[in-house]
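Here the structure is laid out as C-alpha coordinates; the discussion comes afterwards.
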Amino acid sequence: MSDGARAGRAELDSAQLTADVDATHELDLYRRMQLIRRFEERVYLLYLQGEIPGTLHQSQGQEAVAVGVCDVLRRTDWITSTHRPHGHALAKGVDLRAAMAELFGKATGCCGGKGGSMHLGDPSVGMLPAIAIVGGGNTVVTGLGLAFKLTRTDQVAVCFFGEGASNEGAFHEGLNFAAVQHLPIVFACENNLYGASTPFHQVSLVPDVASRAGAYGVRGEIVDGMDVLAVRESAGRAVVEARAGVGPVLLECKTYRFAGHSRGDVKGYRSREEEAEWTARDPIVRLRERLAVTLDERVLDATDAQVEAALDDAIEFARQSPLPRAEDALTGAYATVIGMESTS
Ligand SMILES: Cc1ncc(C[n+]2csc(CCOP(=O)(O)OP(=O)(O)O)c2C)c(N)n1
(Lines give C-alpha, C1' and ligand atoms only; values in the text may rest on other atoms or scores of the structure.)
Protein backbone atom coordinates (compact mmCIF):
# COMPACT_ATOMS: atom_id res chain seq x y z
CA MET A 1 0.00 0.00 0.00
CA SER A 2 1.40 3.45 -0.89
CA ASP A 3 1.90 6.05 1.81
CA GLY A 4 -0.88 8.14 0.26
CA ALA A 5 -3.30 5.23 0.23
CA ARG A 6 -2.37 4.37 3.79
CA ALA A 7 -2.96 7.89 4.91
CA GLY A 8 -6.29 7.90 3.08
CA ARG A 9 -7.38 4.69 4.75
CA ALA A 10 -6.19 5.97 8.09
CA GLU A 11 -8.37 9.05 7.68
CA LEU A 12 -11.39 6.95 6.78
CA ASP A 13 -11.03 4.56 9.71
CA SER A 14 -10.28 7.42 12.04
CA ALA A 15 -13.53 9.12 11.10
CA GLN A 16 -15.43 5.93 11.90
CA LEU A 17 -13.56 5.40 15.15
CA THR A 18 -14.09 8.87 16.47
CA ALA A 19 -17.75 8.97 15.48
CA ASP A 20 -19.88 10.14 18.38
CA VAL A 21 -19.60 7.89 21.39
CA ASP A 22 -23.18 7.24 22.50
CA ALA A 23 -24.43 7.58 26.09
CA THR A 24 -24.15 3.84 26.84
CA HIS A 25 -20.54 3.88 25.71
CA GLU A 26 -19.81 7.01 27.76
CA LEU A 27 -21.34 5.37 30.81
CA ASP A 28 -19.06 2.39 30.26
CA LEU A 29 -16.02 4.67 30.05
CA TYR A 30 -17.16 6.21 33.34
CA ARG A 31 -17.58 2.77 34.97
CA ARG A 32 -14.11 1.68 33.86
CA MET A 33 -12.43 4.85 35.14
CA GLN A 34 -14.33 4.54 38.41
CA LEU A 35 -13.23 0.91 38.75
CA ILE A 36 -9.59 1.98 38.46
CA ARG A 37 -10.03 4.89 40.89
CA ARG A 38 -11.71 2.74 43.55
CA PHE A 39 -9.26 -0.14 42.95
CA GLU A 40 -6.38 2.22 43.68
CA GLU A 41 -8.05 3.68 46.77
CA ARG A 42 -8.97 0.31 48.19
CA VAL A 43 -5.64 -1.41 47.55
CA TYR A 44 -3.88 1.48 49.26
CA LEU A 45 -5.92 0.87 52.43
CA LEU A 46 -5.30 -2.87 52.17
CA TYR A 47 -1.60 -2.14 51.84
CA LEU A 48 -1.62 0.09 54.94
CA GLN A 49 -3.50 -2.60 56.85
CA GLY A 50 -0.77 -5.10 55.96
CA GLU A 51 -2.88 -7.31 53.71
CA ILE A 52 -0.98 -6.43 50.52
CA PRO A 53 2.79 -7.00 50.62
CA GLY A 54 5.52 -5.23 48.63
CA THR A 55 4.97 -1.72 47.38
CA LEU A 56 2.40 0.26 45.38
CA HIS A 57 2.41 3.04 42.79
CA GLN A 58 -1.09 4.40 42.37
CA SER A 59 -2.57 6.15 39.34
CA GLN A 60 -5.53 8.17 40.65
CA GLY A 61 -5.99 11.13 38.28
CA GLN A 62 -4.53 9.30 35.27
CA GLU A 63 -7.52 7.01 34.58
CA ALA A 64 -8.60 8.82 31.39
CA VAL A 65 -5.32 7.89 29.70
CA ALA A 66 -5.52 4.16 30.40
CA VAL A 67 -9.22 3.93 29.57
CA GLY A 68 -9.22 6.29 26.58
CA VAL A 69 -6.30 4.52 24.90
CA CYS A 70 -7.39 0.95 25.63
CA ASP A 71 -10.91 1.72 24.43
CA VAL A 72 -9.67 1.93 20.85
CA LEU A 73 -7.62 -1.26 21.06
CA ARG A 74 -8.69 -4.77 20.15
CA ARG A 75 -8.20 -7.69 22.53
CA THR A 76 -5.51 -8.95 20.13
CA ASP A 77 -3.55 -5.69 20.33
CA TRP A 78 -0.84 -5.54 23.02
CA ILE A 79 0.28 -3.05 25.62
CA THR A 80 3.42 -2.65 27.70
CA SER A 81 3.29 -0.89 31.05
CA THR A 82 5.40 0.45 33.88
CA HIS A 83 5.86 0.43 37.66
CA ARG A 84 2.40 2.14 37.74
CA PRO A 85 0.36 -0.49 35.87
CA HIS A 86 -2.93 -1.07 37.75
CA GLY A 87 -4.99 1.22 35.53
CA HIS A 88 -3.47 -0.09 32.31
CA ALA A 89 -4.15 -3.69 33.35
CA LEU A 90 -7.79 -3.12 34.25
CA ALA A 91 -8.37 -1.00 31.14
CA LYS A 92 -6.90 -3.67 28.84
CA GLY A 93 -9.13 -6.32 30.37
CA VAL A 94 -6.98 -8.18 32.91
CA ASP A 95 -9.49 -10.01 35.11
CA LEU A 96 -10.26 -7.99 38.24
CA ARG A 97 -10.04 -10.98 40.60
CA ALA A 98 -6.72 -12.08 39.03
CA ALA A 99 -5.30 -8.55 39.31
CA MET A 100 -6.33 -8.27 42.96
CA ALA A 101 -5.01 -11.73 43.82
CA GLU A 102 -1.68 -10.82 42.18
CA LEU A 103 -1.33 -7.82 44.50
CA PHE A 104 -2.05 -10.12 47.44
CA GLY A 105 0.74 -12.43 46.16
CA LYS A 106 -1.68 -15.33 45.76
CA ALA A 107 -1.46 -18.32 43.41
CA THR A 108 -4.67 -17.26 41.61
CA GLY A 109 -3.06 -13.96 40.58
CA CYS A 110 -2.50 -13.17 36.91
CA CYS A 111 1.23 -14.00 37.36
CA GLY A 112 0.66 -16.79 39.88
CA GLY A 113 1.38 -14.36 42.72
CA LYS A 114 5.05 -14.09 41.77
CA GLY A 115 5.00 -10.65 40.16
CA GLY A 116 2.93 -8.43 42.43
CA SER A 117 1.90 -4.85 41.74
CA MET A 118 4.74 -3.85 39.39
CA HIS A 119 4.43 -6.84 37.07
CA LEU A 120 0.70 -7.07 36.40
CA GLY A 121 -0.13 -8.51 33.00
CA ASP A 122 -1.84 -11.27 31.09
CA PRO A 123 -0.86 -12.30 27.55
CA SER A 124 -4.38 -13.68 26.93
CA VAL A 125 -5.73 -10.11 26.90
CA GLY A 126 -2.70 -8.55 25.24
CA MET A 127 -0.77 -7.20 28.19
CA LEU A 128 2.87 -8.07 28.64
CA PRO A 129 3.64 -8.29 32.38
CA ALA A 130 4.56 -4.73 33.34
CA ILE A 131 8.21 -3.66 33.37
CA ALA A 132 9.34 -1.57 36.37
CA ILE A 133 12.63 -0.42 34.81
CA VAL A 134 11.96 3.15 33.71
CA GLY A 135 11.99 3.17 29.89
CA GLY A 136 12.13 -0.65 29.81
CA GLY A 137 8.96 -0.99 27.76
CA ASN A 138 10.12 1.54 25.16
CA THR A 139 12.50 -0.90 23.53
CA VAL A 140 10.65 -4.13 24.36
CA VAL A 141 7.59 -2.79 22.53
CA THR A 142 9.59 -2.63 19.30
CA GLY A 143 9.90 -6.43 19.48
CA LEU A 144 6.12 -6.70 19.56
CA GLY A 145 5.79 -4.25 16.69
CA LEU A 146 8.42 -6.00 14.61
CA ALA A 147 6.75 -9.37 15.19
CA PHE A 148 3.40 -7.94 14.03
CA LYS A 149 5.05 -6.48 10.94
CA LEU A 150 6.98 -9.64 10.02
CA THR A 151 3.99 -11.93 10.52
CA ARG A 152 1.78 -9.49 8.59
CA THR A 153 -0.94 -9.29 11.21
CA ASP A 154 -2.74 -5.99 11.64
CA GLN A 155 -2.10 -5.87 15.40
CA VAL A 156 -0.93 -2.72 17.15
CA ALA A 157 1.23 -2.35 20.25
CA VAL A 158 0.96 0.52 22.72
CA CYS A 159 3.79 1.47 25.06
CA PHE A 160 2.66 3.39 28.15
CA PHE A 161 5.45 5.35 29.83
CA GLY A 162 6.02 8.44 31.96
CA GLU A 163 7.68 11.68 30.90
CA GLY A 164 10.62 10.69 33.15
CA ALA A 165 11.30 7.76 30.83
CA SER A 166 11.68 10.15 27.88
CA ASN A 167 15.14 11.06 29.20
CA GLU A 168 16.28 7.44 29.15
CA GLY A 169 18.30 6.24 26.16
CA ALA A 170 15.77 3.47 25.64
CA PHE A 171 13.08 6.02 24.75
CA HIS A 172 15.17 7.41 21.87
CA GLU A 173 16.39 4.03 20.68
CA GLY A 174 12.92 2.54 20.70
CA LEU A 175 11.30 5.48 18.94
CA ASN A 176 14.00 5.66 16.27
CA PHE A 177 13.87 1.92 15.54
CA ALA A 178 10.07 1.96 15.38
CA ALA A 179 10.21 4.98 13.04
CA VAL A 180 12.69 3.60 10.51
CA GLN A 181 10.92 0.24 10.48
CA HIS A 182 7.41 1.84 10.26
CA LEU A 183 6.30 -0.33 13.16
CA PRO A 184 2.64 -0.38 14.27
CA ILE A 185 3.29 1.22 17.66
CA VAL A 186 1.73 4.03 19.65
CA PHE A 187 4.05 5.49 22.28
CA ALA A 188 1.61 6.81 24.88
CA CYS A 189 3.36 9.17 27.29
CA GLU A 190 1.62 9.94 30.58
CA ASN A 191 3.14 13.31 31.40
CA ASN A 192 2.16 13.77 35.06
CA LEU A 193 4.82 16.50 35.53
CA TYR A 194 7.04 14.59 37.99
CA GLY A 195 9.46 11.68 37.77
CA ALA A 196 9.20 10.65 41.43
CA SER A 197 9.99 14.06 43.07
CA THR A 198 11.73 15.66 40.06
CA PRO A 199 9.73 18.18 38.00
CA PHE A 200 10.11 17.69 34.26
CA HIS A 201 11.24 21.30 33.70
CA GLN A 202 14.37 20.58 35.76
CA VAL A 203 15.44 17.76 33.49
CA SER A 204 14.25 18.93 30.07
CA LEU A 205 14.50 22.29 28.33
CA VAL A 206 11.61 21.35 26.05
CA PRO A 207 8.31 21.29 27.94
CA ASP A 208 6.53 18.88 25.60
CA VAL A 209 7.63 15.28 25.16
CA ALA A 210 5.63 15.21 21.91
CA SER A 211 8.03 17.73 20.35
CA ARG A 212 10.73 15.05 20.43
CA ALA A 213 8.80 13.14 17.75
CA GLY A 214 10.15 15.52 15.10
CA ALA A 215 13.71 14.33 15.74
CA TYR A 216 12.69 10.86 14.58
CA GLY A 217 10.40 11.80 11.70
CA VAL A 218 7.20 10.62 13.34
CA ARG A 219 3.99 12.42 14.26
CA GLY A 220 3.68 13.76 17.81
CA GLU A 221 0.41 14.91 19.36
CA ILE A 222 -0.51 16.49 22.67
CA VAL A 223 -3.86 15.73 24.27
CA ASP A 224 -5.66 16.68 27.47
CA GLY A 225 -5.07 13.55 29.52
CA MET A 226 -7.80 14.58 31.98
CA ASP A 227 -10.51 14.17 29.31
CA VAL A 228 -11.26 10.57 28.41
CA LEU A 229 -13.15 11.48 25.22
CA ALA A 230 -10.28 13.61 23.97
CA VAL A 231 -7.75 10.87 24.75
CA ARG A 232 -9.96 8.33 23.01
CA GLU A 233 -10.16 10.48 19.89
CA SER A 234 -6.41 11.15 19.68
CA ALA A 235 -5.52 7.56 20.48
CA GLY A 236 -8.05 6.37 17.90
CA ARG A 237 -6.29 8.42 15.22
CA ALA A 238 -2.87 7.14 16.27
CA VAL A 239 -3.97 3.49 16.39
CA VAL A 240 -5.57 3.72 12.95
CA GLU A 241 -2.37 5.17 11.49
CA ALA A 242 -0.23 2.52 13.16
CA ARG A 243 -2.53 -0.29 12.02
CA ALA A 244 -2.52 1.01 8.46
CA GLY A 245 1.30 0.86 8.33
CA VAL A 246 1.89 4.62 8.39
CA GLY A 247 4.30 4.15 11.33
CA PRO A 248 4.49 4.96 15.01
CA VAL A 249 2.93 7.97 16.73
CA LEU A 250 4.10 9.70 19.91
CA LEU A 251 1.03 10.69 21.91
CA GLU A 252 1.63 12.88 24.94
CA CYS A 253 -1.20 12.93 27.48
CA LYS A 254 -0.96 15.84 29.93
CA THR A 255 -2.10 14.45 33.23
CA TYR A 256 -1.45 14.43 36.99
CA ARG A 257 -1.17 11.79 39.65
CA PHE A 258 -3.27 12.75 42.64
CA ALA A 259 -1.43 10.40 45.04
CA GLY A 260 2.26 10.42 45.85
CA HIS A 261 4.83 8.68 43.68
CA SER A 262 4.59 5.55 45.82
CA ARG A 263 3.33 4.64 49.27
CA GLY A 264 4.69 6.94 51.97
CA ASP A 265 5.42 9.91 49.63
CA VAL A 266 4.32 13.10 51.42
CA LYS A 267 4.56 15.14 48.17
CA GLY A 268 6.69 17.90 49.67
CA TYR A 269 8.00 18.81 46.20
CA ARG A 270 4.71 20.26 44.93
CA SER A 271 2.31 22.93 46.14
CA ARG A 272 -1.20 22.38 47.47
CA GLU A 273 -2.37 25.07 44.97
CA GLU A 274 -1.04 23.05 42.06
CA GLU A 275 -2.72 19.93 43.40
CA ALA A 276 -6.04 21.78 43.76
CA GLU A 277 -5.77 23.09 40.19
CA TRP A 278 -5.42 19.57 38.79
CA THR A 279 -7.95 17.99 41.14
CA ALA A 280 -10.49 20.45 39.75
CA ARG A 281 -9.95 18.74 36.38
CA ASP A 282 -10.62 15.25 37.74
CA PRO A 283 -11.50 13.15 34.65
CA ILE A 284 -14.12 11.10 36.49
CA VAL A 285 -15.93 14.11 37.92
CA ARG A 286 -15.86 15.77 34.49
CA LEU A 287 -17.43 12.80 32.76
CA ARG A 288 -19.96 12.32 35.55
CA GLU A 289 -21.08 15.94 35.20
CA ARG A 290 -21.41 15.51 31.45
CA LEU A 291 -23.43 12.31 31.85
CA ALA A 292 -25.66 13.84 34.55
CA VAL A 293 -27.06 16.25 31.94
CA THR A 294 -28.84 13.40 30.18
CA LEU A 295 -28.83 10.52 32.67
CA ASP A 296 -30.69 10.12 35.93
CA GLU A 297 -28.23 10.52 38.83
CA ARG A 298 -29.48 7.16 40.14
CA VAL A 299 -28.00 5.40 37.09
CA LEU A 300 -24.59 6.83 37.95
CA ASP A 301 -24.98 5.87 41.62
CA ALA A 302 -25.96 2.33 40.59
CA THR A 303 -22.83 2.15 38.42
CA ASP A 304 -20.71 3.19 41.41
CA ALA A 305 -22.42 0.52 43.52
CA GLN A 306 -21.66 -2.12 40.85
CA VAL A 307 -17.99 -1.13 40.95
CA GLU A 308 -17.92 -1.42 44.75
CA ALA A 309 -19.55 -4.86 44.64
CA ALA A 310 -17.07 -6.10 42.03
CA LEU A 311 -14.20 -4.89 44.22
CA ASP A 312 -15.70 -6.54 47.36
CA ASP A 313 -15.88 -9.79 45.41
CA ALA A 314 -12.30 -9.50 44.09
CA ILE A 315 -10.87 -8.70 47.54
CA GLU A 316 -12.68 -11.64 49.11
CA PHE A 317 -11.47 -13.89 46.28
CA ALA A 318 -7.89 -12.76 46.86
CA ARG A 319 -8.15 -13.25 50.64
CA GLN A 320 -9.49 -16.78 50.26
CA SER A 321 -6.92 -17.80 47.59
CA PRO A 322 -3.89 -19.95 48.49
CA LEU A 323 -0.31 -18.70 48.47
CA PRO A 324 1.91 -20.09 45.68
CA ARG A 325 3.45 -23.47 46.56
CA ALA A 326 7.17 -23.56 47.35
CA GLU A 327 7.65 -26.36 44.80
CA ASP A 328 6.37 -24.03 42.06
CA ALA A 329 9.00 -21.36 42.77
CA LEU A 330 10.86 -21.97 39.51
CA THR A 331 7.78 -22.55 37.33
CA GLY A 332 7.58 -19.87 34.66
CA ALA A 333 11.06 -18.58 35.53
CA TYR A 334 12.79 -20.04 32.49
CA ALA A 335 11.58 -20.54 28.93
CA THR A 336 12.39 -23.68 26.98
CA VAL A 337 14.27 -22.72 23.84
CA ILE A 338 13.32 -25.03 20.98
CA GLY A 339 16.30 -27.17 19.99
CA MET A 340 18.12 -26.42 23.26
CA GLU A 341 16.27 -28.88 25.50
CA SER A 342 18.44 -30.72 27.97
CA THR A 343 19.49 -34.18 26.78
CA SER A 344 20.47 -35.42 30.23
C1 LIG B 1 16.13 2.73 34.98
C2 LIG B 1 15.49 3.13 36.28
N3 LIG B 1 15.93 4.20 36.95
C4 LIG B 1 15.33 4.57 38.11
C5 LIG B 1 14.27 3.84 38.61
C6 LIG B 1 13.57 4.28 39.90
N7 LIG B 1 12.29 4.92 39.57
C8 LIG B 1 11.15 4.23 39.63
S9 LIG B 1 9.85 5.14 39.10
C10 LIG B 1 10.79 6.48 38.81
C11 LIG B 1 10.19 7.76 38.26
C12 LIG B 1 9.64 7.54 36.90
O13 LIG B 1 8.99 8.69 36.43
P14 LIG B 1 8.10 8.64 35.13
O15 LIG B 1 8.80 7.84 34.07
O16 LIG B 1 7.72 10.03 34.78
O17 LIG B 1 6.82 7.79 35.55
P18 LIG B 1 5.74 8.11 36.69
O19 LIG B 1 6.32 7.58 37.98
O20 LIG B 1 5.52 9.56 36.72
O21 LIG B 1 4.53 7.34 36.30
C22 LIG B 1 12.12 6.22 39.11
C23 LIG B 1 13.22 7.18 38.94
C24 LIG B 1 13.85 2.69 37.87
N25 LIG B 1 12.81 1.95 38.28
N26 LIG B 1 14.44 2.38 36.71
Side-chain angles (χ1 to χ4, degrees), residues 33 36-37 39-40 43-44 47 54-70 79-92 115-121 127-142 158-175 186-212 220 222-223 225-226 231 250-270 274-275 278-279 281 283:
M33 288 201 292
I36 296 171
R37 172 71 54 91
F39 182 94
E40 298 288 35
V43 297
Y44 187 56
Y47 172 81
T55 190
L56 288 180
H57 299 83
Q58 305 162 83
S59 66
Q60 292 99 316
Q62 302 185 188
E63 298 89 349
V65 182
V67 171
V69 171
C70 290
I79 63 168
T80 67
S81 178
T82 68
H83 53 283
R84 201 179 300 287
H86 306 167
H88 305 144
L90 296 178
K92 188 64 175 74
S117 164
M118 287 196 276
H119 303 295
L120 282 186
M127 180 175 180
L128 202 69
I131 304 169
I133 298 166
V134 173
N138 294 63
T139 45
V140 170
V141 76
T142 60
V158 172
C159 171
F160 287 107
F161 65 102
E163 83 295 336
S166 71
N167 281 336
E168 293 284 347
F171 163 86
H172 302 272
E173 191 179 331
L175 190 54
V186 177
F187 290 92
C189 178
E190 295 175 300
N191 186 348
N192 61 14
L193 312 190
Y194 297 90
S197 56
T198 307
F200 192 54
H201 67 79
Q202 269 182 20
V203 289
S204 171
L205 292 186
V206 291
D208 302 318
V209 174
S211 67
R212 296 180 172 189
I222 297 173
V223 65
M226 306 302 271
V231 173
L250 174 57
L251 182 65
E252 178 181 6
C253 310
K254 302 281 192 187
T255 183
Y256 202 74
R257 65 168 152 70
F258 293 164
H261 167 66
S262 64
R263 81 285 168 264
D265 173 6
V266 292
K267 302 171 283 183
Y269 47 84
R270 62 189 201 190
E274 179 186 281
E275 289 181 356
W278 282 88
T279 312
R281 296 171 54 192

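For clarity, every value in this text was computed on a predicted model and none was experimentally measured. For ligands, and for the atoms within them, numbers begin at 1 and follow the listed sequence.
Some N or O of His83 is nearer than 3.5 Å to an N or O of ligand 1, by distance alone. Annotation: Glu163 places an N or O atom under 3.5 Å from an N or O atom of ligand 1; distance criterion only. Between Gly164 and ligand 1, an N or O atom pair is found at a separation short of 3.5 Å. Here's the thing with Gly195: none of its N/O atoms is less than 3.5 angstrom from an N/O atom of ligand 1.
Near His261, meaning under 4.0 Å from any of its heavy atoms, are these atoms of ligand 1: 9 (S), 10 (C), 11 (C), 19 (O).
To the nearest 0.5 Å, atoms CD (Glu190) and CD (Gln62) are separated by 5.0 Å.
Taking Tyr194 as the reference, Tyr269 meet the ring-ring contact (aromatic ring centres under 6.0 Å, His included) condition, with sequence neighbours excluded.
Here the shortest heavy-atom distance to atom 26 (N) of ligand 1, taken over Val134, Asn167, Asn191, belongs to Val134. The option from His57, Gln62, Arg84 that lies nearest to atom 21 (O) of ligand 1, judged by heavy atoms, is Arg84.
Inside a 4.0 Å radius of atom 24 (C) of ligand 1 there is at least one protein heavy atom.
By the 4.5 Å heavy-atom criterion applied to side chains, Ser166 and Phe187 are not counted as neighbours. Side-chain atoms of Cys189 and Arg212, non-hydrogen and from C-beta on, never get closer than 4.5 Å to each other. Side-chain atoms of Glu40 and Glu63, non-hydrogen and from C-beta on, never get closer than 4.5 Å to each other.
For the pair Asn192 and ligand 1, a heavy-atom separation below 4.0 Å is found.
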The test is side-chain hydrogen bond (donor to acceptor under 3.5 Å, both in side chains); show your working for Ser197 and His261 and say whether it passes.
CA-CA 7 Å; Ser197 56; His261 167 66; over 6 Å; no
